[in-house]
S.K.: 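After the structure tokens below, expect a handful of questions from me.
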Amino acid sequence: MPDCTFYTTAIDYTNAAPHIGHAYEKVLTDVLTRFERLRARPVFFLTGVDQHGQKVQQSAEKEGLSPQEFADRCTVQFIELWKKLGIHYDGWAATTHPIHKRVVQKILQRLHDEGQLYKQAHRGFYSVRQEQFLTDKERNEAGEFGPEWGQVVELEEENWYFKLSKHRDWLLNHIDTHDRFVIPAFRKSELRNAVEKLSGDLCISRPKSRLNWGIELPFDTEYVTYVWFDALINYISFAGYFSEGGENLPRFESLWPAAAHVIGKDILIPAHGIYWTIMLHGMGFPDLQIPSFLVHGWWNIGGAKISKSLGNTVDPNVLVERYGAAALRYYLMADIVTGKDSDFSEERLRGRYNDELANNVGNLLNRTLNMSARYKGSVLRNIAVDHELLHSLAVTEFPQAVAAYFAAMGDYQVDAALRAVIGLARFCNQVIESIAPWKLAKDTAQSDLLDAVLYHLAESIRVVAILLEPVLPDAARGIFRQLQINSEPQLADAVWGVLLDGHILGAPTPLFPRLEAPAEVG
RNA sequence: GGGCCUGUAGCUCAAUGGUUAGAGCAGGGGACUCAUAAUCCCUUGGUUGGGGGUUCGAAUCCCUCCAGGCCUACCA
């Protein structure tokens, strides 16, 4: 078993600028990773870019660049965005990297040596314009290939194939016997249906005469590797598989199998659920070494899916500039149920941020620190006072919120985890209204109760900060600074009673300034 | 055509076959003054898409129809 939790994301295709869906997947994985770090468990987060393939080659040609130049230029956009969003990854998978090429070629060579690959001629209809073979799927209702394909010729071409179908029954059994193989469960049944229909093998090559932007087959240099076969291997090539040492890669045995490949619903079938899983099995990985998939949904816009042709793409860079990384991260985690689709709305982004972070959490911190400074000189006293509501906060609400948070995070339900945290903060605001510390401050006989209220609030806020850390790492540290806690947030401290008697709180500064709608443009 | 999924308050979502289907936001009314015009309380709002069935009991299980999404295909 691995001793380090390994999360990966899909690697993004360097053919277009990142959109909100790319950002969501990386933030989600970043949050899962930070959660592991927060509880002091070793974790490795791998993400990257998929740079080979026909579309990159074509786009590069259009702009008069080499494929590498084009891919590099696109790659920078992703790296810059991850920096802005605070995505803290441990490994970067770029498929044009020599390490990756070497591993892909070693795998291919071995599969070839073991007789798992074969060469076969394929005769079919080929679109010269689109540079691809057409199947019956591409025929229109009249049974013809439409004008969008340009000149269509019938030709014969030899290619290399991976014996996929002989693993079909194994895969069905694996699906049936491994509950967490695909999360959420309904995606698993979709995959199962697809596998049952599986027939035929996987073409893993492209002749160089058609496409040369790829990894050369080591045993047949007239061909390059099909882009999916190449790309999927990033999950192991950058995790140290077949490492020769000295490459600054992690130790493969400590990572594998991945706790979750975080992917979108569009690439479960067939790419990951069938191709990748069978590739691993073909390479000799036993059942226990087969990774799991966490399949997330899509952000729609106005009910329609994001597409360049509809022109409804949302540039995450614009959102970060407009609202900040924290607001975007929070919204992307809070307003979608992991696995399902959601509708993107800037109004909801502002609404949830203002209500839940600014008005609820931020203001709770602010009013608590203010009252402490005003009434108690910012000195926290841990005094035992018998008070029903405070008792219920410390003994019931607090542990329940922490437990709900853990349960939700364990199921990748970040939205539910956040609800638990916000609920705790909300309860604290209710406690304040109910006890009204400003009234206690006018009566010296109530001094101990006033101290107790402030202590309970500070403790709750401290843990709210810890629990928010995976989603809002900077804000969590901001809360710690205002509370004048010098340690780093960690889940081991998400228990009651850590702040000491006599602890001095800091001065309040609005932590989540309210967001306004951008001014209407023209 | 087939398969999978979804349908719960205006919106986003809860509710493991078990009290009178809940929460947040939005809407309405009020209170408070520590605070980021924040907060708190009360409140409006439901034929759980329709219909039928199983059950002592159904949002939940079964059938059917409707609406939507995704996948896939002339062999279910």
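Just so it is clear, the values below take in all heavy atoms, side chains as well, and ignore hydrogens, waters and symmetry mates.
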S.K.: For atom P, what is the distance between C66(B) and G50(B), given to the nearest Å?
M.R.: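 Straight-line distance between the two P atoms is 15 Å.
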S.K.: How do Asn429(A) and Thr509(A) order along RNA chain B: which one's closest nucleotide is nearer the 5' end?
M.R.: Thr509(A)
S.K.: Counting heavy atoms not belonging to Lys84(A), are there more than 12 under 6.0 Å from its NZ?
M.R.: yes
S.K.: Which nucleotide in the set U36(B), G24(B), C34(B) lies at the smallest distance from any side-chain heavy atom of Glu356(A)?
M.R.: G24(B)
S.K.: Roughly how many Å is it from CG in Asn366(A) to P in U36(B), rounded to a whole number?
M.R.: 5 Å
S.K.: Assign Arg374(A) to base, sugar-phosphate, or nothing according to its heavy-atom contacts below 4.0 angstrom with the strands shown.
M.R.: sugar-phosphate
S.K.: What's the closest nucleotide to the Trp438(A) side chain, out of C34(B), U39(B), U36(B)?
M.R.: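 So the side chain of Trp438(A) is nearest to C34(B).
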S.K.: Could you list the donor-acceptor pairs under 3.5 angstrom formed by side chains in residues 387-404 of chain A, with sequence neighbours left out?
M.R.:
residue: His387(A); atom: ND1; partner: Leu389(A); partner atom: N; Å: 3.3
residue: His387(A); atom: ND1; partner: Leu390(A); partner atom: N; Å: 3.4

S.K.: Paired with U19(B) by Watson-Crick or G-U wobble geometry, both distances under 3.5 Å: which nucleotide is it?
M.R.: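 The base-pairing partner of U19(B), which may sit in any strand shown, does not exist here.
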S.K.: Do other residues, nucleotides or ligands put more than 12 heavy atoms under 6.0 Å from the CG atom of Asp443(A)?
M.R.: yes
S.K.: Ile432(A) has an atom CD1; how far is it from atom C1' of U33(B), in whole Å?
M.R.: 12 Å
S.K.: Using Watson-Crick or G-U wobble geometry with both distances under 3.5 Å, which nucleotide pairs with G7(B)?
M.R.: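 The answer is C66(B), by the H-bond criterion.
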S.K.: Determine whether a donor-acceptor pair (one donor, one acceptor, N or O, separation below 3.5 Å) exists between the side chain of Asn359(A) and the base of A38(B).
M.R.: no
S.K.: Closer than 4.0 angstrom, basic N to acidic O: yes or no for Asp30(A) and Lys26(A)?
M.R.: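 So Asp30(A) does not pair with Lys26(A) through a salt bridge.
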S.K.: Between Asp355(A) (CG) and U12(B) (C1'), how many Å, whole number?
M.R.: 12 Å
S.K.: Which part of the nucleic acid, if any, lies within reach of Arg426(A) when heavy atoms closer than 4.0 Å are counted: base, sugar-phosphate only, or nothing?
M.R.: sugar-phosphate
S.K.: By the 4.0 Å heavy-atom rule, please label Phe512(A) as base, sugar-phosphate, or nothing.
M.R.: base
S.K.: Looking across every strand, which nucleic acid part, if any, lies under 4.0 Å from Gly362(A) by heavy atom: base, sugar-phosphate, or nothing?
M.R.: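 Gly362(A): base contact, heavy atoms under 4.0 Å.
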S.K.: Roughly how far apart, to the nearest Å, are U48(B) and A59(B) at atom P?
M.R.: 7 Å
S.K.: Please check the phosphate of G24(B) (OP1 and OP2 only) for any side-chain N or O of Arg419(A) closer than 4.0 Å.
M.R.: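 For G24(B), neither OP1 nor OP2 has a side-chain N or O of Arg419(A) closer than 4.0 Å.
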S.K.: In whole angstrom, give the distance that lies between atom CG of Asn360(A) and atom P of U36(B).
M.R.: 16 Å
S.K.: Would you indicate whether the side-chain heavy atoms of Pro316(A) and Tyr24(A) approach each other to under 4.5 Å?
M.R.: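 Contact flag for Tyr24(A)/Pro316(A) side chains = no.
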S.K.: With both distances kept under 3.5 Å, what pairs with G45(B), Watson-Crick or G-U wobble?
M.R.: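 Across any shown strand, G45(B) pairs with none.
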S.K.: Could you check how far CD of Gln482(A) sits from C1' of A35(B), rounded to whole Å?
M.R.: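 Whole-Å distance recorded here is 12 Å.
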S.K.: Would you check, one step at a time, whether the test ring-ring contact (aromatic ring centres under 6.0 Å, His included) holds for Tyr235(A) with His272(A)?
M.R.: CA-CA 11 Å; Tyr235(A) 297 134; His272(A) 285 78; 5.6 Å; yes
S.K.: Just the rounded figure in Å: distance from P of U36(B) to CD of Glu516(A).
M.R.: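 Going from CD in Glu516(A) over to P in U36(B) covers 15 Å.
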S.K.: Whole angstrom is fine here: how far is it from CG in Leu365(A) over to P in U36(B)?
M.R.: 12 Å
S.K.: Expressed as a whole number of Å, how far does the P atom of A37(B) sit from that of C42(B)?
M.R.: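 Per the computed distance, 25 Å lies between those P atoms.
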S.K.: Paired with A58(B): which nucleotide, if any, by Watson-Crick or G-U wobble criteria at under 3.5 Å for both distances?
M.R.: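 Check on A58(B): unpaired, no WC or wobble geometry under 3.5 Å.
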S.K.: When the nearest nucleotide of RNA chain B is assigned to Ser342(A) and to Pro270(A) on a heavy-atom basis, which residue is associated with the more 5' position?
M.R.: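 Its nearest nucleotide being more 5', the pick is Ser342(A).
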S.K.: Test side-chain hydrogen bond (donor to acceptor under 3.5 Å, both in side chains) on Asp287(A) and Trp170(A) and set out the steps.
M.R.: CA-CA 9 Å; Asp287(A) 279 33; Trp170(A) 166 80; 2.8 Å; yes
S.K.: Using the P atom on both, measure A58(B) against U19(B) and round to a whole Å.
M.R.: 12 Å
S.K.: Output the rounded distance in Å from CG (Asn300(A)) to C1' (C70(B)).
M.R.: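 About 11 Å, once rounded to whole Å.
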S.K.: Using the C1' atom in both, what is the distance from C70(B) to C61(B), to the nearest Å?
M.R.: 25 Å
S.K.: Look at all strands and tell whether Asn363(A) reaches a base, only sugar-phosphate, or nothing, counting heavy atoms closer than 4.0 Å.
M.R.: base
S.K.: Would you check if there is a donor-acceptor pair between the side chains of Asp50(A) and Asn234(A) at a distance under 3.5 Å?
M.R.: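 Absent: no donor and acceptor within the cut-off.
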S.K.: Between Ile183(A) and Arg187(A), is there a side-chain heavy-atom distance shorter than 4.5 Å?
M.R.: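 They are not in side-chain contact.
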S.K.: Is any side-chain heavy atom of Ser460(A) closer than 4.5 Å to a side-chain heavy atom of Thr368(A)?
M.R.: no
S.K.: List in numerical order all residues of residues 377-415 of chain A for which some heavy atom is under 4.0 Å away from an atom belonging to RNA chain B.
M.R.: none
S.K.: Assess whether atom CD of Glu347(A) is packed by more than 12 heavy atoms of other residues, nucleotides or ligands within 6.0 Å.
M.R.: no
S.K.: I'd like the P distance from U44(B) over to G7(B), given in whole Å.
M.R.: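 Their P atoms lie roughly 26 Å apart.
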S.K.: In whole Å, measure the gap between the C1' atoms of A15(B) and G22(B) for me.
M.R.: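 It works out to 7 Å between them.
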S.K.: So Ile422(A), base contact, sugar-phosphate only, or nothing? Heavy-atom distance under 4.0 Å.
M.R.: nothing
S.K.: Just N and O in the side chain of Gln430(A): are any of them under 4.0 Å from OP1 or OP2 of C41(B)?
M.R.: yes
S.K.: Whether Asp201(A) and Lys166(A) form a salt bridge (side-chain N of Lys/Arg under 4.0 Å from carboxylate O of Asp/Glu) is what I want to check.
M.R.: no
S.K.: Could you go step by step and tell me if Ile175(A) and Phe181(A) meet the side-chain contact (heavy atoms from CB on, under 4.5 Å) rule?
M.R.: CA-CA 7 Å; Ile175(A) 292 170; Phe181(A) 175 50; 3.8 Å; yes
S.K.: Across all strands, who's sitting opposite G1(B) as a Watson-Crick or G-U wobble pair, both distances under 3.5 Å?
M.R.: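 Base partner found: U72(B).
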S.K.: Could you list the protein-to-nucleotides 3-11 of chain B atom pairs, N/O on both sides, closer than 3.5 Å?
M.R.:
residue: G3(B); atom: O2'; partner: Asn193(A); partner atom: ND2; Å: 2.7
residue: C11(B); atom: O2'; partner: Arg348(A); partner atom: NH1; Å: 3.4

S.K.: Sticking with atom P, work out how far U54(B) lies from C13(B), rounded to a whole angstrom.
M.R.: 35 Å
S.K.: Could you identify the nucleotide paired to A37(B), looking across every strand shown and requiring Watson-Crick or G-U wobble geometry with both distances under 3.5 Å?
M.R.: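 Partner of A37(B): none found under 3.5 Å.
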